[in-house]
Amino acid sequence: MREFKTNHKEILNYWIGKSINKNGEVLLKPKNTFDDLLVVLDPGEPSCWACNKSFKSWDKLERAHIKPRALSRDDSPNNLFLLCSNCHFESPDYMNSKFFYMYIYDKSKRSAFGFDTKIISDCISKFESLSGEGVDFSVFNDFKIDTTKINTHGSQLVDSTLQAMIIDFLIESHK
């Protein structure tokens, strides 16, 4: 495994107070509008900077290069982002950093707690169709991934499994 020159805390400290806009630009002084995406939402709550999935510590996140290391040789904090393994895998490996930032912006705007909001929306629609009733959203406070009911394809939790798990959870919690 390759050694990094920059640790998680240095990356976190560099990005605190900075935001990204939909055009893939980094703003050093955020305008605090809905269109700006604050990179670090809460320094005390470790989460992926793309999908917002929570983690127990910042060290559990991967250090993702904005400009590919193989091309840039740059391990400085301004070329690193803290991402979960899925978002790191999906992120573009391209020298123009604008495309990396646009990926982060788009992914974050369509994600909640590490899940794509389209998947959750589809699950709610399917549940309402199956049950004939609306969703009590407070039940999501108790939502946890039940590893006794699911499996993965390799190391990935695929969307169809996630959908089945959410719909099953909604059915069970509305009984």
Side-chain angles (χ1 to χ4, degrees), residues 8 11-12 15-24 30-64 66 80-93 99-175:
H8 290 75
I11 300 165
L12 174 67
W15 286 101
I16 289 174
K18 294 178 178 70
S19 66
I20 299 169
N21 67 20
K22 63 184 173 187
N23 299 321
K31 299 173 189 166
N32 295 324
T33 68
F34 180 75
D35 288 334
D36 295 341
L37 174 69
L38 199 59
V39 175
V40 181
L41 297 177
D42 183 348
E45 297 291 330
S47 63
C48 174
W49 293 347
C51 72
N52 304 307
K53 181 178 180 180
S54 295
F55 286 83
K56 292 186 189 263
S57 75
W58 289 106
D59 293 341
K60 301 292 182 193
L61 291 153
E62 295 183 5
R63 292 170 281 192
I66 296 163
L80 292 165
F81 241 58
L82 299 176
L83 302 178
C84 69
S85 59
N86 288 342
C87 291
H88 188 186
F89 179 78
E90 292 175 357
S91 66
D93 291 312
F99 294 102
F100 181 91
Y101 298 129
M102 288 188 325
Y103 162 79
I104 298 295
Y105 183 91
D106 292 342
K107 180 81 175 187
S108 183
K109 289 291 185 179
R110 70 174 194 272
S111 298
F113 311 109
F115 299 114
D116 188 318
T117 53
K118 171 104 173 76
I119 293 171
I120 295 170
S121 175
D122 289 348
C123 291
I124 290 168
S125 294
K126 287 177 186 172
F127 166 77
E128 290 174 340
S129 175
L130 288 170
S131 70
E133 60 182 271
V135 172
D136 173 6
F137 288 96
S138 68
V139 301
F140 280 104
N141 293 331
D142 299 322
F143 180 75
K144 291 181 177 52
I145 294 178
D146 183 351
T147 58
T148 65
K149 293 183 177 180
I150 66 166
N151 201 358
T152 60
H153 287 271
S155 63
Q156 301 291 316
L157 178 62
V158 296
D159 291 351
S160 59
T161 303
L162 177 62
Q163 287 175 329
M165 180 179 58
I166 293 171
I167 294 167
D168 190 42
F169 169 79
L170 288 170
I171 291 169
E172 291 298 315
S173 64
H174 281 78
K175 284 186 176 178

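Basis for what follows: all heavy atoms, side chains included, without hydrogens, waters or symmetry-related copies.
- Between Phe127 and His174, the shortest heavy-atom contact is CZ-CG, 3.6 Å.
- By the 4.5 Å heavy-atom criterion applied to side chains, Glu62 and Leu82 are not counted as neighbours.
- Side-chain contact between Pro46 and Lys60 is absent, with no heavy atoms from C-beta onward closer than 4.5 Å.
- Annotation: side chain of Ile66 is in contact with side chain of Tyr101 (closest heavy-atom distance under 4.5 Å).
- Taking the six-membered ring for Trp and thresholds of 30 and 60 degrees, Trp15 and Phe81 have ring planes more than 60 degrees apart, a perpendicular arrangement.
- Taking NZ of Lys53 as the reference point, atom OG of Ser85 lies at 6.5 Å (rounded to 0.5 Å).
- The side chain to side chain donor-acceptor pair (under 3.5 Å) test applied to Asp106 returns no partner, not counting sequence neighbours.
- How far OG of Ser91 is from CZ of Phe100: 5.0 Å, rounded to the nearest 0.5 Å.
- Residues Glu90 and Lys107 are in side-chain contact: their nearest non-hydrogen atoms beyond the backbone lie under 4.5 Å apart.
- Across Arg63 and His88, no two heavy atoms sit closer than the pair O-CE1, 3.8 Å.
- The side-chain hydrogen bond (donor to acceptor under 3.5 Å, both in side chains) pairs that include a residue from residues 127-136 are Asp136-Ser138, where partners are two or more places apart or lie in different chains.
- Annotation for Pro43 and Leu12: closest pair O-CD2, 4.3 Å, computed over non-hydrogen atoms.
- Note: Leu170 CG to Lys126 NZ = 12.5 Å, rounded to the nearest 0.5 Å.
- Residue Leu38 holds its CG atom at 9.5 Å from CD1 of Ile16, rounded to the nearest 0.5 Å.
- With a 4.5 Å cut-off on side-chain heavy atoms, Trp49 and Ser108 do not count as touching.
- Across Lys109 and Asp36, no two heavy atoms sit closer than the pair NZ-O, 4.3 Å.
- Among all heavy-atom pairs drawn from Cys84 and Phe55, the shortest one is CB-CZ, 3.6 Å.
- The CE atom of Met102 lies 10.0 Å from the CG atom of Asn21; values are rounded to the nearest 0.5 Å.
- For Asp122, the side chain to side chain donor-acceptor pair (under 3.5 Å) partners two or more places apart in sequence, or in a different chain, are Lys118.
- Atom NZ of Lys18 sits about 14.0 Å away from atom CG of Leu37, to the nearest 0.5 Å.
- The shortest distance between side-chain heavy atoms of Leu83 and Ile104 falls below 4.5 Å.
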